[in-house]
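Below is one structure. I have some questions about it.
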Amino acid sequence: MSLIPLSAAPAGATNGPMPKLPDTLRGYVDKYFLRSRHILAAEGLDPVVTMQVFFRDGPGVLAGVDEAVALLREASDLAAHGGSLYALPEGAAYTPLEPVMHITGRLQDFIELETLYLGIISAATSLAAGLPEPRPEDVEQKAAAVRALLPEKNLMYFGARHWHPRCEEAFCRAAVAGGFDACATDAGARAAGLPAGVGTIPHALVLAFAGQVGRERATCAAAAAFDRHIEASCPRVALVDTFNHEVDDALATAKALGQKLAAVRLDTAGELIGQGGEPFDGRPYWTGTGVTVAGTLAVRRALDAAGFAHVGIVLSSGFGNLEKIKAFVQAENEYGRLFESLGIGGLFRSYAATADIVRLGGADLAKTGRAYRENPRLVRFI
């Protein structure tokens, strides 16, 4: 089911540099992609990138490809600017971590579409695997369970990319009814009675700056650009895990932005031990890979020791797991303040697709832990 007629164009659309994405679709896009598109345009930054899409769950049967391709063909300038899209065909079998799609083109042409095409293929592939359609009442129940564990924390619903956008408004209403404070899309937020969606910096924006200023300076550069171009009322929250230098990049960004930096976000890849973390010692969520107690504690202590106690910590990745939340609650009881906010997408079960920039300007460049992978099974659609 398509969200709108995909041939629609926004009022006043031209053949110039502005995207063709209809306003009716923009409301269903994670806010940080809308803000990133604005920043890229303001900075004159539009690298040619390759985006790689894969699933951790599986093996399975890929579905939703035809609708996702139609979206990228009709609602972007990807084809007009010589871009390409290769994917496994509709109904093809896939294995976990296998690339199911490679999109190559100017980043500004399709950065705003990531939430939508991931949601489309995630929902269809989940249903093809036999998972049930999520029910809003179940989303509300899960959100309430999270809130019960974290009565004082800020909770943000980040699940738009996990299911088809047709359900975003209902799921956001359910998440807020269950106790969440915010949603990542404007359409979802407004449906839930909130003024607008929330979100600051994705890995894609950091990687775009890495192509310009190098990996060592990219995190600070992206945060500084956000500060230059985004309204002052939006809290400055810097993503600091892109290159697995969570402690170093948190400190560098805090020094660069000073009192304007509200928080840093940790979203460490599940393949990696975060900087300052510890190898797995048998304690799930405390040690090992991904966002852990040990890694978070290292960042918190480093910020405090350097005089940046005002900088909060936002955590995302895997916090739909109530056992992980319980581990962090226990850790705060033992160590004191660790984090202020959680971004959670997993309020329902899905085969959630992931997209990463893996090449920039024809050269390999990706967040640490990810890399470009050839897949001769992919077929050209655009």
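Note that the numbering runs from 1 along the sequence shown for the chain. Excluded from the calculations below are hydrogen atoms, water molecules and symmetry mates; all remaining heavy atoms, backbone and side chain alike, are included.
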When you measure from the side chain of Gln275 to the backbone N and O of Asp248, does any donor-acceptor pair fall under 3.5 Å?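 Side chain of Gln275 to backbone of Asp248, a donor-acceptor pair under 3.5 Å: yes, one is there.
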Tyr335 ring centre to Arg301 NZ or CZ under 6.0 Å, with the angle to the axis within 45°?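 Yes, Arg301 sits over the ring of Tyr335.
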Is there a path of hydrophobic side-chain contacts, each under 4.5 Å between heavy atoms, that joins Val299 and Val237?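 As far as the 4.5 Å side-chain criterion goes, Val237 and Val299 are not connected within one cluster.
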Do Glu278 and Trp286 come close enough that some side-chain heavy atom pair is under 4.5 Å?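 Of all side-chain heavy-atom pairs linking Trp286 with Glu278, none is under 4.5 Å.
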Once rounded to the nearest 0.5 Å, what's the spacing between atom SG of Cys172 and atom CG of Leu194?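 One finds 8.5 Å between SG of Cys172 and CG of Leu194.
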Nearest atoms (heavy-atom pairs only) where Ser84 meets Leu78: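 Taking every non-hydrogen atom into account, O-CD2, 4.1 Å.
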Using atom types as modelled and distance alone, determine if a side-chain donor or acceptor of Lys142 lies under 3.5 Å from a backbone N or O of Gly320.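 Yes, the answer is positive, given that a donor and an acceptor are paired below the 3.5 Å cut-off.
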Between Glu98 and Asn375: side-chain donor-acceptor atoms closer than 3.5 Å: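 Asn375 and Glu98 do have a side-chain donor-acceptor pair below 3.5 Å.
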So does Glu271 pair up with Arg56, basic N to acidic O under 4.0 Å?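 Yes.
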Examine Leu338 and Leu261 and state if one hydrophobic cluster contains both, with Ile, Leu, Val, Met, Phe, Trp and Tyr joined whenever side-chain heavy atoms are less than 4.5 Å apart.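 In one cluster with Leu338: Leu261, yes.
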Looking only at non-hydrogen atoms, find the nearest pair between Val247 and Ala302 and report the distance.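 Smallest heavy-atom distance, with atoms named: CG1-CB, 3.7 Å.
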N/O donor-acceptor pair under 3.5 Å between Arg359 side chain and Val48 backbone: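 No, because the side chain of Arg359 does not come within donor-acceptor range (under 3.5 Å) of the backbone of Val48.
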Check the pair Leu118, Val53 against side chain to side chain contact (heavy atoms under 4.5 Å, CB included), reporting the backbone distance first and the verdict last. CA-CA 8 Å; Leu118 290 182; Val53 179; 3.9 Å; yes
Main-chain N/O of Leu347 paired to His162 side chain as donor or acceptor, under 3.5 Å: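 No, because the side chain of His162 does not come within donor-acceptor range (under 3.5 Å) of the backbone of Leu347.
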Enter the distance from Gln52:CD to Tyr86:OH here, rounded to the nearest 0.5 Å.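 Gln52 CD to Tyr86 OH: 14.5 Å, rounded to 0.5 Å.
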Does a salt bridge link Arg147 with Asp181, judged by any charged N lying under 4.0 Å from a carboxylate O?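 A salt bridge is present here (some side-chain N lies under 4.0 Å from a carboxylate O).
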Is it the case that the ring center of Phe54 lies less than 6.0 angstrom away from the ring center of Tyr94?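 Ring centroids of Tyr94 and Phe54 are no less than 6.0 Å from each other.
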Do Asp241 side-chain atoms and Asp267 backbone N/O form a donor-acceptor pair below 3.5 Å?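 Checked: pair present.
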Roughly how far apart are Arg26 CZ and Leu113 CG, rounded to 0.5 Å?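 It comes to 10.5 Å.
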Is Arg166 salt-bridged to Glu133, cutoff N-O under 4.0 Å?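 So Arg166 pairs with Glu133 through a salt bridge.
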Should Leu365 and Val358 be regarded as members of a common hydrophobic cluster, given that ILVMFWY residues are connected when their side-chain heavy atoms come within less than 4.5 Å of each other, either directly or indirectly?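 No, Leu365 does not connect to Val358 through the hydrophobic network.
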Do Thr287 side-chain atoms and Asp281 backbone N/O form a donor-acceptor pair below 3.5 Å?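 Side chain of Thr287 to backbone of Asp281, a donor-acceptor pair under 3.5 Å: yes, one is there.
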Should Val329 and Val314 be regarded as members of a common hydrophobic cluster, given that ILVMFWY residues are connected when their side-chain heavy atoms come within less than 4.5 Å of each other, either directly or indirectly?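 No, it is not one cluster - the side chains of Val329 and Val314 are not joined through contacts under 4.5 Å.
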Distance (rounded to the nearest 0.5 Å) between Arg265 CZ and Leu342 CG: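 Taking CZ in Arg265 and CG in Leu342, the distance rounds to 12.0 Å.
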List the steps, then state whether side chain to side chain contact (heavy atoms under 4.5 Å, CB included) holds for Phe280 with Ile273. CA-CA 9 Å; Phe280 185 63; Ile273 296 174; over 6 Å; no
Would you say Ser341's side chain and Asn154's backbone share a donor-acceptor pair under 3.5 angstrom?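 Present.
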Which heavy atom of Ala306 sits nearest to which heavy atom of Leu251, and what is that distance?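 Scanning both residues completely, I find the closest heavy atoms to be CB-CD2, 3.7 Å.
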Are Leu72 and Phe110 close enough that some pair of their side-chain heavy atoms sits under 4.5 Å apart?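 Touching, per the 4.5 Å side-chain cut-off.
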If you draw the axis of the six-membered ring of Phe319, does the NZ or CZ of Lys324 fall within 45° of it and under 6.0 Å from the ring centre?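 The answer is yes; both the distance and angle limits are met.
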Pair Glu140 + Arg135: basic N to acidic O under 4.0 Å: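 Result for this pair is no, no salt bridge flagged.
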Tell me if a side-chain donor or acceptor on Arg215 pairs with a main-chain N or O of Ala218 at a distance below 3.5 Å.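 Not at all, since once roles are kept as given, no pair shorter than 3.5 Å links the two residues.
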Any side-chain donor-acceptor pair under 3.5 Å between Tyr117 and Glu67?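 Per modelled atom types, Tyr117 and Glu67 side chains form no pair under 3.5 Å.
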Could you tell me whether Arg300 and Asp304 have a side-chain N and a carboxylate O separated by less than 4.0 Å?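 Asp304 and Arg300: salt-bridged.
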Please test Arg173 against Glu168 for salt bridge (Lys or Arg N to Asp or Glu O under 4.0 Å), starting from the C-alpha separation and ending with a verdict. CA-CA 9 Å; Arg173 283 193 295 267; Glu168 174 67 1; over 6 Å; no
Least distance between heavy atoms, Phe226 atom then Pro235 atom: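 Closest approach of Phe226 to Pro235: CE2-O, 4.1 Å.
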Kindly give the heavy-atom pair with the smallest separation between Pro134 and Phe348, and that separation in Å.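 The pair with the smallest heavy-atom distance is CG-CD1, 3.5 Å.
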Stepwise side chain to side chain contact (heavy atoms under 4.5 Å, CB included) test for Val379 and Leu88: CA-CA 6 Å; Val379 175; Leu88 293 179; over 6 Å; no
Is it possible for you to check whether Lys153 lies under 6.0 Å from the centre of the six-membered ring of Phe339, through NZ or CZ, and within 45° of that ring's axis?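 Geometry flag: set, cation within 6.0 Å and 45°.
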Pair Leu207, Leu107 - check side chain to side chain contact (heavy atoms under 4.5 Å, CB included), show working. CA-CA 11 Å; Leu207 288 162; Leu107 184 56; over 6 Å; no
Any salt bridge linking Arg73 with Asp66? Criterion: basic side-chain nitrogen under 4.0 Å from a carboxylate oxygen.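 No, this pair does not count.
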Should we say atom CZ of Arg217 is surrounded by more than 12 heavy atoms from elsewhere, each under 6.0 Å from it?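 Open.
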Take atom CD in Gln141; do more than 12 heavy atoms of anything else shown fall under 6.0 Å from it?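 Counting other residues, nucleotides and ligands, CD of Gln141 stays at 12 neighbours or fewer.
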Main chain of Gln108, side chain of Arg106: is a donor-acceptor contact present, judged purely on distance under 3.5 Å?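 Flag not set: sc Arg106 to bb Gln108 has no pair under 3.5 Å.
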Point-to-point distance, once rounded to the nearest 0.5 Å, from OG1 of Thr242 to CZ of Phe209: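 The CZ atom of Phe209 is 12.5 Å from OG1 of Thr242, to the nearest 0.5 Å.
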Solution key, residues 123-130 side-chain donor-acceptor pairs under 3.5 Å, sequence neighbours excluded:
from, atom 1, to, atom 2, distance (Å)
Thr125, OG1, Ala63, N, 3.1
Thr125, OG1, Ala63, O, 3.3
Thr125, OG1, Ile121, O, 2.7
Ser126, OG, Ser122, O, 2.6
Ser126, OG, Tyr351, N, 2.7

Salt bridge (charged side-chain N to carboxylate O under 4.0 Å, His left out) with Arg190: which residues, sequence neighbours excluded?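 So Arg190 forms no salt bridge (charged side-chain N to carboxylate O under 4.0 Å, His left out) with any residue.
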Group every Ile, Leu, Val, Met, Phe, Trp and Tyr by side-chain heavy-atom contacts under 4.5 Å, then state whether Tyr32 and Leu155 land in the same group.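 Result: no, two separate clusters.
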Minimum heavy-atom separation for Ala184 and Phe158, please, with both atom names.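 Residues Ala184 and Phe158, closest heavy atoms: CB-CD1, 3.8 Å.
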Parallel, tilted or perpendicular: which fits the ring planes of Tyr372 and His102, with parallel below 30° and perpendicular above 60°?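 Rings of Tyr372 and His102: parallel, as their planes differ by under 30°.
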Kindly check if the number of other-residue, nucleotide or ligand heavy atoms within 6.0 Å of CD (Glu152) is above 12?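 Open: at most 12 neighbouring heavy atoms sit under 6.0 Å from CD of Glu152.
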Inter-residue atom distance Asp30.CG - Arg161.CZ, 0.5 Å rounding: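 Between atom CG of Asp30 and atom CZ of Arg161 there are 4.5 Å.
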